[in-house]
A.B. asks: 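One structure coming up, written as structure tokens, with questions to follow.
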Amino acid sequence: MPHSATRRPSPPTRTALTARRRLVAGCVVAAAALGLAACGTASGALQPTAGVSTQPPITLAPTDGRPTDGPVATVAPTPDSDGAPASAAPPAVPKPHTPQAPAGTSAAPHGGTPSTPVTTTAVATTPATTAAGTPAPPPAPVKPGTVIGSTASGGRTVALTFDDGPGPATGQILDLLAQYHAKATFCEIGQNAAANPALVKRVLAAGHRLCDHSVHHPQPFAKLPHDKAVYEISAARDMIVKAGGPGTRVDWFRAPGGGFNADNEQITASLGMSSLGWSVDPHDWSRPGVPAIVSTVQKQLKPGGVILMHDGGGDRTQSVAALKQLLPWLVAQGYTFDWPAE
């Protein structure tokens, strides 16, 4: 029986060997580029290793350009992504530094961003212009030298004024004024007003008005240095306003002893008050006797006059008794009661 020989496969030709070598070489190159573990053999198919991405890794470097202190972390991207790691947190971005508000600026409330710094600069003022475009005239300067000694309305009117209170006689004088429906102006010393706020409020509640008569009643008032005069006038006004409460008006200043000069008149005007004098002075402060007080008023008074009397500064018993006679006499003479001019 004849022996049948096993057929051996024919050896590959040189052309086939060359093609296979090229295929394997290409596979290795591709695998190196794509991060694959191995290449197929006969078919040339590329088989990725399980769990290994087919995309190259992405290196995360700091975004602010600072050098790193250690190794740079890398995260492999997932397939079908646009290159950003889907499962990883986005790279940390340094928190921007919020500058602190420099001195002189205000910070926003509740920890907000500080407001824009406000700088104080000297601004040259330009004169106001009229509708026609020409510069408007500057406001008229205050003109000291006019000390008031007459009523606001003129005619057969009289302005009653009482100095140096509030004091023990103030309540009695208020009672007399109420009987004759008379109004009066009370020129109060600052420290007395501060010590008797209830009386100041009572004066206002009765419809009377207030005048500044300095803090301490220094004399001669016209000889005071400027700074001292400023204090005596402005501080007294503040004390009176505080004693009287919100809305208290102080329309005049009367210098102690009538010691007006250009300086204190200017100070008074700058505080929005008028300088108040008088036209009738019975010197009741010296206690010359009730008949003398009454007689002087009756002789000196002219229509539109301002009478100076006192409700504080000492024993004012004679002043109260004289007023009790003067009020009915004034009414009988046809006088009505008015405020001093402003």
Side-chain angles (χ1 to χ4, degrees), residues 146-189 192-193 199 203 206 208-214 217-222 251-260 274-341:
T146 304
V147 178
I148 296 166
S150 61
T151 61
S153 303
R156 203 163 185 79
T157 60
V158 60
L160 299 173
T161 66
F162 298 91
D163 283 12
D164 297 350
T170 304
Q172 299 174 65
I173 290 174
L174 288 172
D175 291 340
L176 287 171
L177 294 173
Q179 290 180 27
Y180 291 89
H181 306 287
K183 55 189 176 182
T185 300
F186 288 80
C187 299
E188 298 184 334
I189 293 177
N192 290 347
L199 277 176
V203 168
H208 305 296
R209 294 173 72 174
L210 300 175
C211 169
D212 179 339
H213 197 37
S214 80
H217 204 281
Q219 289 182 270
F221 196 81
D251 298 296
W252 302 273
F253 168 71
R254 173 174 278 168
F260 289 102
S274 300
S275 298
L276 177 59
W278 57 83
S279 62
V280 178
D281 182 7
H283 294 276
D284 64 318
W285 59 270
S286 65
R287 297 191 294 276
V290 175
I293 297 171
V294 172
S295 175
T296 301
V297 171
Q298 291 174 342
K299 290 177 181 178
Q300 292 184 359
L301 181 63
K302 300 293 188 291
V306 177
I307 300 174
L308 167 62
M309 295 183 72
H310 292 76
D311 67 324
D315 180 2
R316 297 298 167 230
T317 303
Q318 291 184 16
S319 300
V320 174
L323 184 64
K324 189 178 292 185
Q325 296 181 33
L326 287 169
L327 285 171
W329 177 81
L330 290 167
V331 173
Q333 297 296 311
Y335 280 96
T336 57
F337 302 97
D338 198 6
W339 309 118

A.B. asks: Do F337 and V331 come within less than 4.5 Å of each other through their side chains, counting heavy atoms only?
C.D. replies: yes
A.B. asks: Nearest 0.5 angstrom please: D163 CG to W278 CH2, how far?
C.D. replies: 7.5 Å
A.B. asks: Under 6.0 Å from the NZ atom of K324, do we count more than 12 heavy atoms belonging to anything else shown?
C.D. replies: no
A.B. asks: Between F186 and I173, is any pair of side-chain heavy atoms under 4.5 Å apart?
C.D. replies: yes
A.B. asks: List the residues meeting side-chain contact (heavy atoms from CB on, under 4.5 Å) with W285, not counting sequence neighbours, and say none if there are none.
C.D. replies: H283, H310, R316
A.B. asks: With a 4.5 Å limit on heavy-atom distance, are the side chains of L160 and L177 in contact?
C.D. replies: yes
A.B. asks: For H208 and A184, indicate whether the former's side chain and the latter's backbone hold a donor-acceptor pair under 3.5 Å.
C.D. replies: yes
A.B. asks: G155 and P303: which non-hydrogen atoms are nearest, and at how many Å?
C.D. replies: O-CB, 3.1 Å
A.B. asks: Could you pull out the closest heavy-atom pair between T185 and C211, with the gap in Å?
C.D. replies: CG2-CB, 3.9 Å
A.B. asks: Can you check whether T151's main-chain N or O pairs, donor with acceptor, with D338's side chain at less than 3.5 Å?
C.D. replies: no
A.B. asks: Taking side chain as C-beta onward, heavy atoms only, is P166 less than 4.5 Å from V203?
C.D. replies: no
A.B. asks: Can you tell me how far CH2 of W252 sits from CG of D212, rounded to the nearest 0.5 angstrom?
C.D. replies: 12.5 Å
A.B. asks: Roughly how far apart are Q298 CD and Q300 CD, rounded to 0.5 Å?
C.D. replies: 11.5 Å
A.B. asks: For the residue pair F162 and T170, establish whether any side-chain heavy-atom pair is separated by less than 4.5 Å.
C.D. replies: no
A.B. asks: Walk me through it: do Q318 and D284 pass the test side chain to side chain contact (heavy atoms under 4.5 Å, CB included)?
C.D. replies: CA-CA 7 Å; Q318 291 184 16; D284 64 318; over 6 Å; no
A.B. asks: Apply ring-ring contact (aromatic ring centres under 6.0 Å, His included) to F221 and list each qualifying residue two or more places apart in sequence or on a separate chain.
C.D. replies: F253
A.B. asks: Could you give the distance from CH2 (W339) to CZ (R209), rounded to the nearest 0.5 Å?
C.D. replies: 6.0 Å
A.B. asks: Heavy atoms only: give me the nearest V147-L276 pair and the separation to one decimal.
C.D. replies: CG1-C, 4.0 Å
A.B. asks: For G165, is there any backbone N or O sitting under 3.5 Å from a side-chain donor or acceptor partner on E188?
C.D. replies: no
A.B. asks: Are any side-chain N or O atoms of D251 and backbone N or O atoms of S274, one a donor and one an acceptor, separated by less than 3.5 Å?
C.D. replies: no
A.B. asks: Locate the shortest heavy-atom distance separating I148 from A341; write the atom from each residue and the value.
C.D. replies: CD1-O, 2.8 Å
A.B. asks: Which heavy atom in T296 sits nearest to a heavy atom in D281, and how many Å separate them?
C.D. replies: CG2-O, 3.8 Å
A.B. asks: At what distance, to the nearest 0.5 angstrom, does CG of D311 lie from OG1 of T161?
C.D. replies: 10.0 Å
A.B. asks: Testing the basics here: between C187 and R254, what is the closest heavy-atom pair and its distance to 0.1 Å?
C.D. replies: SG-NH1, 3.8 Å
A.B. asks: Taking the side chain as every heavy atom from C-beta outward, state whether R287 and D315 have any atom pair closer than 4.5 Å.
C.D. replies: yes
A.B. asks: Which residues pass the side-chain contact (heavy atoms from CB on, under 4.5 Å) test with A322, sequence neighbours left out?
C.D. replies: V290, I293, V294, M309
A.B. asks: Keeping R156 on the side-chain end and Q333 on the backbone end, is there a donor-acceptor pair under 3.5 Å?
C.D. replies: yes
